[in-house]
A.B. asks: 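Take a look at this one; I'll ask things after.
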Amino acid sequence: MTTVLIDNYDSFTWNIYQYLSELGANVQVFRNDQTTIEHITSLKPINLLISPGPGHPSKETGISREAILHFAGKIPILGICLGEQCIFEVFGGKVAYAGEIVHGKTSKIKHDSKGLFINVPLDILATRYHSLSGQPPTVPEVLEVTSWTENGVIMGIRHREFTIEGVQFHPESVISEHGKTMLSNFLKLKGGIWNENPTFGIKIPLSKVTVQEQAIHSILQKIHKQRLEDIAAAKKMPGSTPNDFRKLLSLNVAPPLIDFVARIKQNLPKYPAILAEVKRASPSKGNIDLSVNAAEQALSYAKAGASTISVLTEEKWFKGTLNDLRQVRDIISSIPNRPAILRKDFIVDTYQIMEARLYGADTVLLIVALLSDSQLLELYKFAKNLGMEPLVEVNNEEEMKRAIKLGAQVIGVNNRNLNSFDVDMQTTSRLAEMVPEGVILAALSGITRRQDVIDYLDQGVGALLIGEALMRAENKRTFIHEILGIEEAINSSGITFNTAKTPLVKICGVSTVEAAMEAVDAGADLIGLIFAKSKRQVSIDSALEIVTVIRELQFERQVEIDIKRFTENKGNILSGQHDWFQLHASRINHARKPLLVGVFQNQTLEEITVIVDYLKLDLIQLHGDEPLDLAKFLPVPVIKAFHIDEEFANPTLVTQAGYNAYCLLDTKVKGSVTHGGAGVTFDWNIALSIKKSAGGNFPLILSGGLTPENVKEAVKQVKPWAVDVSSGIETENIKDPQKIKDFIKNAKSVVYNDDDDGGGGGGGGGDDDENDDGGTRKGGIVHENDSQ
């Protein structure tokens, strides 16, 4: 007297086993891929139960469907959730998106009070875990609908002749009402047909119970209705009215745009553009990753080579927000050649396009299926007037005709039908030939493997939107390279970097031509002229003399530039984006040296600008308490000094991109009015923690108490991009030629490995050929080059 329970790899199988056992059944459980029909038959089961499980009934159910067909008409069969869907499909029905996603929620259901529902009250609460269900128009003639929700989702089916029942909900859940009664009713069934069970109220032929198809709205209809409500509420918020938005746009509050179409074309024709999506959830898949940080995800996409970052901003079904859009824009704004930003939402009002523009989007998605011709035209023109070329989404031939008539420059074919949420990868293929020449065709949804891309490239697809697969990929860059068939690293910016060999050296507090020449002859890369009030302050006249001499030396030095690579590498921009600080460090590495740095401390913008313009300085160093924002108004790149003591605990104060080009760490001396020049070191472990927080390869300038005696150890420990010294090379407050030579020699005697993180953007020593004359690399630090 065996009850066989087929487990579709679901934790609820245990609950079912427990309930059946408590009801007196002798239950044997088999995983759906670890038994056979022959083995089950040999047990002579009196009934069969197909458990819930993940996935689709046509794909992940093992022996379940075969078992239903084999035992139909022989013994009672009950399917729960996925098991019910198997029954629905086995007899000819179609299982697809239910119009809603419910996971662990209860719903009130109605039923016909027969069979499984004998002695069960008419309206009960049932626990549901599903996004798929049997589709009402496809209910087979041999099946009968036995229960349903208030909005028409099928919750139960019964075979019209055989003792086969299925329920979409979970009677075994402790919060489902009367679940044990239903399972008890199932155990009381005998034989394989209803005629053998007269007490269950089922008379053949069964009367037809219909579910109102129109009661089940498509997800697109539901989202459309919700968005209209959301927009109406948002427009009423003080400060967020349409008039407020128009005023903000007129005040240039919106950040600068980049050309969406041009950004996509950068990769073509060699590679299609990647539109990488930030998506926490979806109606078809439920929660993908609710913990994902939009800014962090976007940064990883940008570094992986994405041309566009698509940000879901719909809250209820996709768990996105407008704040996600703003944070994504903020995090990638300082990246050279940044990706375009797409607001992916259900745009039905010009208000949403103004929102998108103000929150940092470069383009918006317009879904043709959601809009009438007049709405589509209005929204398209409105976006264009704000400088944004929309991505226009279609799913069938009629929608493609409308998009083409509109004049859209980028048309995306969604392989997912937004009414049924079925995915058909051939959708893009069928519509590809309709796309006019010059219009970019994008394939949206369902792209997970290289073969998908190969097929689409042959059909003229120029862009690929990838969401869930990229979200789940551990290494975004590897995934993108694999799916595009890239076998080697490709430079994303056209900049070739020198190997990081030795740190650059900045000699600061130079006030005479003689001291400057000593520094240059010893191999200094940067010369610091202090214009702040200090014992090392240089006069304008002396500074002009130093600048004149240094400029003559600069022009005598040769720097080779390979112009060919800028044309040969055109379009090869997929290997990853170099960040703000690395880009600026690379400029110094390639420049004629030494460069001249003007050092200022809490001086006015006007004073700084006048001095820099008069002397034609290369860089500015802000060594006081100046805000980061000041860098935006200065005529040359800025080194910002950060003053470190034992209480320093927030690395992000140093590593914020988009303002100063370089970061210098100096010692904060208690009680000192003027920062720097005190000859005191700070804990170098703090410098290491700052580098680590920025990913390791951060071009840091180390200062504070460095001397010829300790600089070698400092470089070994911290591996800075550059070191800075002033008082440490002085004797009685005067620059000491021997100390200058010793300091530079000791600093540059430490040579980094290629994989060390000290070079930060390409490393230093580009003009110091004497550092390349030999040595064997051993471990982290290669060697100490004593030939200098």
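For the numbers below, each heavy atom of this structure counts, side chains included, while hydrogens, waters and symmetry mates do not. Positions are given from 1, in the same order as the sequence printed here.
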A.B. asks: Could you please spell out the steps behind the side-chain hydrogen bond (donor to acceptor under 3.5 Å, both in side chains) verdict for S586 and N589?
C.D. replies: CA-CA 5 Å; S586 73; N589 298 334; over 6 Å; no

A.B. asks: Within a strict 4.5 Å, meaning less than it, do heavy atoms of the I341 and F260 side chains meet?
C.D. replies: no

A.B. asks: Considering only heavy atoms from C-beta outward, does the side chain of P336 approach that of W580 to under 4.5 Å?
C.D. replies: no

A.B. asks: Can you confirm whether L342 sits close enough to V311 that some side-chain heavy atom of one is under 4.5 Å from a side-chain heavy atom of the other?
C.D. replies: no

A.B. asks: Please step through side-chain contact (heavy atoms from CB on, under 4.5 Å) for the pair I690 and T655, ending with a clear verdict.
C.D. replies: CA-CA 8 Å; I690 291 171; T655 59; 3.9 Å; yes

A.B. asks: Is it true that a side-chain atom of K692 and a backbone atom of A687 form a donor plus acceptor pair closer than 3.5 Å?
C.D. replies: no

A.B. asks: When rounded to the nearest 0.5 angstrom, what is the spacing between CG in L665 and CZ in F642?
C.D. replies: 8.0 Å

A.B. asks: Could you list the donor-acceptor pairs under 3.5 angstrom formed between side-chain atoms of residues 503-524 and any protein atom two or more places apart in sequence or on another chain?
C.D. replies:
unit_1, atom_1, unit_2, atom_2, d
K506, NZ, Q621, OE1, 2.8
K506, NZ, D724, OD1, 2.6
T512, OG1, A515, N, 3.0

A.B. asks: K640: what forms a salt bridge (Lys or Arg N to Asp or Glu O under 4.0 Å) with it, not counting sequence neighbours?
C.D. replies: E626

A.B. asks: To the nearest 0.5 angstrom, please state how far the CG atom of D666 sits from the CZ atom of F682.
C.D. replies: 7.5 Å

A.B. asks: Consider only side-chain N and O atoms of N746 and S749, and report whether a donor and an acceptor are under 3.5 Å apart.
C.D. replies: no

A.B. asks: May I ask you to decide if V680's main-chain N or O and T667's side chain share a donor-acceptor pair within less than 3.5 Å?
C.D. replies: yes

A.B. asks: Taking the side chain as every heavy atom from C-beta outward, state whether T502 and V750 have any atom pair closer than 4.5 Å.
C.D. replies: no

A.B. asks: Looking only at heavy atoms, which two atoms of P594 and Q554 are closest? And how far apart?
C.D. replies: O-NE2, 2.5 Å

A.B. asks: Taking side-chain contact (heavy atoms from CB on, under 4.5 Å) as the definition, give me every residue that meets it alongside T604, ordered by chain and number, with sequence neighbours left out.
C.D. replies: E606, E607

A.B. asks: How close do W684 and N710 get, heavy atom to heavy atom, and via which atoms?
C.D. replies: CH2-O, 3.9 Å

A.B. asks: Looking at every heavy atom in both H590 and K593, which two are closest together, and how far apart are they?
C.D. replies: N-NZ, 4.3 Å

A.B. asks: Any side-chain heavy-atom pair from L630 and L605 closer than 4.5 angstrom?
C.D. replies: yes

A.B. asks: Any side-chain heavy-atom pair from I335 and L299 closer than 4.5 angstrom?
C.D. replies: yes

A.B. asks: For P708 versus F743, what's the shortest heavy-atom pair and its separation?
C.D. replies: N-CD1, 3.7 Å

A.B. asks: According to the salt bridge (Lys or Arg N to Asp or Glu O under 4.0 Å) rule, which pairs have a member within residues 540-553, sequence neighbours left out?
C.D. replies: R551-D618

A.B. asks: Give the intermediate values and the outcome of side-chain hydrogen bond (donor to acceptor under 3.5 Å, both in side chains) for residues S291 and D289.
C.D. replies: CA-CA 5 Å; S291 66; D289 186 356; 2.6 Å; yes

A.B. asks: Determine, step by step, whether L526 and L619 satisfy the side-chain contact (heavy atoms from CB on, under 4.5 Å) criterion, reporting the C-alpha distance in whole Å, the side-chain angles of both residues, the deciding distance to 0.1 Å, and the verdict.
C.D. replies: CA-CA 9 Å; L526 301 104; L619 301 165; 3.5 Å; yes

A.B. asks: Between Y301 and K476, is there a donor-acceptor pair closer than 3.5 Å when you use the side chain of the first and the backbone of the second?
C.D. replies: no

A.B. asks: Please determine, by modelled atom types, if Q738 and D742 share a side-chain donor-acceptor pair under 3.5 angstrom.
C.D. replies: yes

A.B. asks: Whether the R536 and S726 side chains hold a donor-acceptor pair (N or O, under 3.5 Å, no angle test) is what I'd like checked.
C.D. replies: yes

A.B. asks: Tell me which pairs pass salt bridge (Lys or Arg N to Asp or Glu O under 4.0 Å) where either residue lies in residues 647-658, with sequence neighbours left out.
C.D. replies: none

A.B. asks: Can you give me the closest heavy-atom contact between L470 and Q297, atom names plus distance?
C.D. replies: O-NE2, 4.4 Å

A.B. asks: Any side-chain to backbone donor/acceptor pair from Y752 onto P720? Under 3.5 Å, distance only.
C.D. replies: yes

A.B. asks: Y662 and F581: aromatic ring centres closer than 6.0 Å?
C.D. replies: no

A.B. asks: To the nearest 0.5 Å, what is the distance between CG (L484) and CG (N267)?
C.D. replies: 8.0 Å

A.B. asks: So, D362 and R338, do they make that salt bridge, N to O below 4.0 Å?
C.D. replies: yes

A.B. asks: With the side chain counted from C-beta on, respond yes when L628 and Q656 share a heavy-atom pair under 4.5 Å apart, and no when they do not.
C.D. replies: yes

A.B. asks: Would a distance-only check, ignoring hydrogens and angles, find a side-chain to backbone donor-acceptor pair under 3.5 Å from H643 to H623?
C.D. replies: yes

A.B. asks: Can you list the residues that meet the side-chain contact (heavy atoms from CB on, under 4.5 Å) rule with P635, with sequence neighbours excluded?
C.D. replies: T609, V612, D613, I620

A.B. asks: Please test I466 against F479 for side-chain contact (heavy atoms from CB on, under 4.5 Å), starting from the C-alpha separation and ending with a verdict.
C.D. replies: CA-CA 11 Å; I466 307 177; F479 178 90; 4.0 Å; yes

A.B. asks: Which residues satisfy the ring pair (Phe, Tyr, Trp, His ring centres under 6.0 Å) test with F531, sequence neighbours excluded?
C.D. replies: F600

A.B. asks: Under the side chain to side chain donor-acceptor pair (under 3.5 Å) test, which residues partner T478, sequence neighbours left out?
C.D. replies: N475

A.B. asks: With rounding to the nearest 0.5 Å, note down the distance linking CD1 in I309 to CD1 in I274.
C.D. replies: 12.5 Å

A.B. asks: Output all residues satisfying salt bridge (Lys or Arg N to Asp or Glu O under 4.0 Å) with K735, sequence neighbours left out; order by chain, then residue number.
C.D. replies: E730

A.B. asks: Quick check: do I639 and I701 have side-chain heavy atoms less than 4.5 Å from each other?
C.D. replies: yes

A.B. asks: From N602 CG over to L622 CG, what is the distance, rounded to the nearest 0.5 angstrom?
C.D. replies: 9.0 Å

A.B. asks: Residues two or more places apart in sequence or in another chain: which of them pass side-chain contact (heavy atoms from CB on, under 4.5 Å) with A361?
C.D. replies: L325, R343, A356

A.B. asks: Distance from K535 atom NZ to S727 atom OG, nearest 0.5 Å?
C.D. replies: 7.0 Å

A.B. asks: State, without any angle test, whether S542 and S539 hold a side-chain donor-acceptor pair at a distance under 3.5 Å.
C.D. replies: yes

A.B. asks: Listed by chain and number, what are the salt bridge (Lys or Arg N to Asp or Glu O under 4.0 Å) partners of E646, not counting sequence neighbours?
C.D. replies: K670

A.B. asks: Write down the atom of A463, the atom of P272, and the distance for their closest heavy-atom approach.
C.D. replies: N-CB, 4.2 Å

A.B. asks: So, using salt bridge (Lys or Arg N to Asp or Glu O under 4.0 Å) as the criterion, who are the partners of R326 when residues are at least two apart?
C.D. replies: none

A.B. asks: Could you check V654 against F648 for side-chain contact (heavy atoms from CB on, under 4.5 Å), going step by step and ending with a plain yes or no?
C.D. replies: CA-CA 11 Å; V654 176; F648 181 87; 3.8 Å; yes

